[in-house]
Amino acid sequence: MQVDLRRSAALLSMLTWFGACGAARAADPESMSFQAYWGGLDAAEIAFVAEQKDGRYHGHLSIHTRGMTHWMTRLMVDSDSWGTVTENGFRPDSFTQTSSSKDKTRRVDMRFVDQGELAEKVLDEEWRNDPSAAPPDPDDQDPPVPDQARHHVLDPVTALFEIGRRGKAGEDRFVLSVFDGRRRYDLVVDAVGPGHHEINGKTYDTLDLRAVMKPMYGFRPRGMDFWENAGFDIYVGRDIGLPVKIASTTFAAETVIGLHAICRGSLACPPS
């Protein structure tokens, strides 16, 4: 049970990178809140704030686990991405992420140079929350990501903007190359077609997408096996351009992220 709950927290982190397939359509911030369930249990509260103004964009993503998942992991994640909106899509300039769990906290800062051509790590720090705990084993570290694999990549928050843009543009299949500062992976996205779904008492006409993860670099062997060909169903509301549901049955129990509220012109939706 402990292993599955820790994996569910990792899955929530991964799923929320899909959590705002639509981009803000006005200068005012557009805020979304989601509820995540793992095996039918309340697992996390997820918030995303999207802003676009004067050719620039900013995305803020936060995850706070709840219930038994929080008791087991204490997982919290805050991510921010800033960049430029171009005629070819969203081009990141910088990305920062702070994540903490029961045992440790990590901060990663990245910048994208040469007009987004290359991702460079500016900061990568990790520390134990309990100073008296033994330091990490230097032999138990994630494999490095080669320099050539950091070209033409997106950070996870920019990737979710691009999923929505390209899905709404009518592309049948596309691949996004993503680097989060430690892991490099591809997302292979296929358009399934129009759908019709009910969530939290509301019915939505949707654009249904199917995303499959292909881990490339920076994964330990057990992580490579865990994420290889992990599949996610993404249901984007056609009238709002935002996801109403994200689900996966790849893992030990079904994980579902459902839209709770959309709030425009505010920095964050009230918690559910």
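By the side-chain contact (heavy atoms from CB on, under 4.5 Å) test, V145 pairs with A149, R150, F179, R184, Y217, sequence neighbours left out. For T105, the side-chain contact (heavy atoms from CB on, under 4.5 Å) partners are T98, S100, W127, N129, not counting sequence neighbours.
In the model, H58 has a side-chain atom that pairs as donor or acceptor with a side-chain atom of D80 under 3.5 Å. Residues H197 and D205 have side chains that never bring a donor and an acceptor to within less than 3.5 angstrom of each other. T86 and N88 form no side-chain donor-acceptor contact under 3.5 Å, judged by distance and modelled atom types alone. The closest side-chain donor-acceptor pair between T73 and S101, if any, does not fall under 3.5 angstrom.
When side chains are defined from C-beta on, L154 counts as touching L176, because their heavy atoms get closer than 4.5 Å. Proximity of M216 to D186: side-chain heavy atoms (C-beta onward) are separated by under 4.5 Å at one or more points. Between K214 and N229 the shortest side-chain heavy-atom distance falls below 4.5 Å. Looking at D233 and K245, their side chains never come closer than 4.5 Å, going by heavy atoms from C-beta outward. For the pair L61 and I46, the minimum side-chain heavy-atom distance is below 4.5 Å. With contacts defined as side-chain heavy-atom distances shorter than 4.5 Å, the pair Q35/R66 qualifies. Side-chain contact between D78 and H60 is present, with heavy atoms from C-beta onward closer than 4.5 Å. The shortest distance between side-chain heavy atoms of V189 and R210 does not fall below 4.5 Å.
No donor-acceptor pair under 3.5 Å is formed between the side chain of R91 and the backbone N or O of T84. Using a distance-only test at 3.5 Å, with no hydrogens or angles considered, no donor-acceptor pair links the side chain of R238 to the main chain of P194. In this structure, R166 contributes its side chain and E162 its backbone to no donor-acceptor pair below 3.5 Å.
Residue V188 is not grouped with residue V236 when hydrophobic side chains (ILVMFWY) are merged at heavy-atom distances under 4.5 angstrom, including chains of intermediate members. One hydrophobic cluster, built from ILVMFWY side chains closer than 4.5 Å, cannot hold both V212 and F232; they sit in different ones. Both I262 and I234 are assigned to one and the same hydrophobic cluster, defined by single-linkage of ILVMFWY side chains at heavy-atom distances under 4.5 Å. If you chain together hydrophobic residues whose side chains sit under 4.5 Å apart, Y57 and F48 fall into the same group. Linking Ile, Leu, Val, Met, Phe, Trp and Tyr residues whenever their side-chain heavy atoms come within less than 4.5 Å leaves M76 and M72 in two separate clusters.
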* Asked: Between F219 and F226, is a side chain to side chain contact (heavy atoms under 4.5 Å, CB included) present by the stated rule, with each step listed?
  -> CA-CA 10 Å; F219 292 82; F226 180 69; over 6 Å; no

* Verdict with supporting geometry, L187 and V178, side chain to side chain contact (heavy atoms under 4.5 Å, CB included) -> CA-CA 8 Å; L187 295 174; V178 184; 4.2 Å; yes

* salt bridge (Lys or Arg N to Asp or Glu O under 4.0 Å) assessment of K121 paired with D124 -> CA-CA 7 Å; K121 278 200 290 188; D124 187 350; 2.9 Å; yes

* Check the pair E45, H64 against side-chain hydrogen bond (donor to acceptor under 3.5 Å, both in side chains), reporting the backbone distance first and the verdict last. => CA-CA 5 Å; E45 179 92 21; H64 293 269; over 6 Å; no

* What's the verdict on side chain to side chain contact (heavy atoms under 4.5 Å, CB included) for S79 and F95, showing C-alpha distance, side-chain angles and the deciding distance? -> CA-CA 7 Å; S79 303; F95 171 76; 4.0 Å; yes

* Asked: Stepwise, does the side chain to side chain contact (heavy atoms under 4.5 Å, CB included) test hold for I163 with L209?
  -> CA-CA 9 Å; I163 287 175; L209 306 174; 4.0 Å; yes

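Under a 4.0 Å N-O distance rule, the pair D103/R128 does not qualify as a salt bridge.
Rounding to the nearest 0.5 Å gives a distance of 9.5 Å between CG of D147 and CD of E120. The CG atom of D109 lies 3.5 Å from the OG1 atom of T96; values are rounded to the nearest 0.5 Å. Atom CE of M32 sits about 10.0 Å away from atom SG of C263, to the nearest 0.5 Å. Note: L259 CG to N200 CG = 7.5 Å, rounded to the nearest 0.5 Å. Rounding to the nearest 0.5 Å gives a distance of 9.0 Å between OG of S99 and CD1 of I63. Separation of atoms OG (S33) and NE2 (H260) is listed at 4.5 Å; rounding is to 0.5 Å.
T158 approaches P92 most closely through the heavy-atom pair OG1-CB, 3.6 Å. D42 and A36 get closest at one heavy-atom pair: OD1-O, 3.7 Å. For T255 against W38, the heavy-atom pair with the smallest separation is OG1-CD1, 3.0 Å. Taking every heavy atom of both residues into account, M213 and Y185 meet most closely at CE-CG, 3.5 Å. A pairwise comparison of heavy atoms in P156 and D180 identifies CG-CB, 3.6 Å as the closest pair. Across G83 and D93, no two heavy atoms sit closer than the pair CA-OD2, 3.5 Å.
The neighbour count for Q115 CD, taken as heavy atoms of other residues, nucleotides or ligands under 6.0 Å away, does not exceed 12.
Both the sub-6.0 Å distance and the 45° axial angle are satisfied by K102 relative to the ring of W71.
In this structure, Y235 has its ring center no closer than 6.0 Å to that of Y204.
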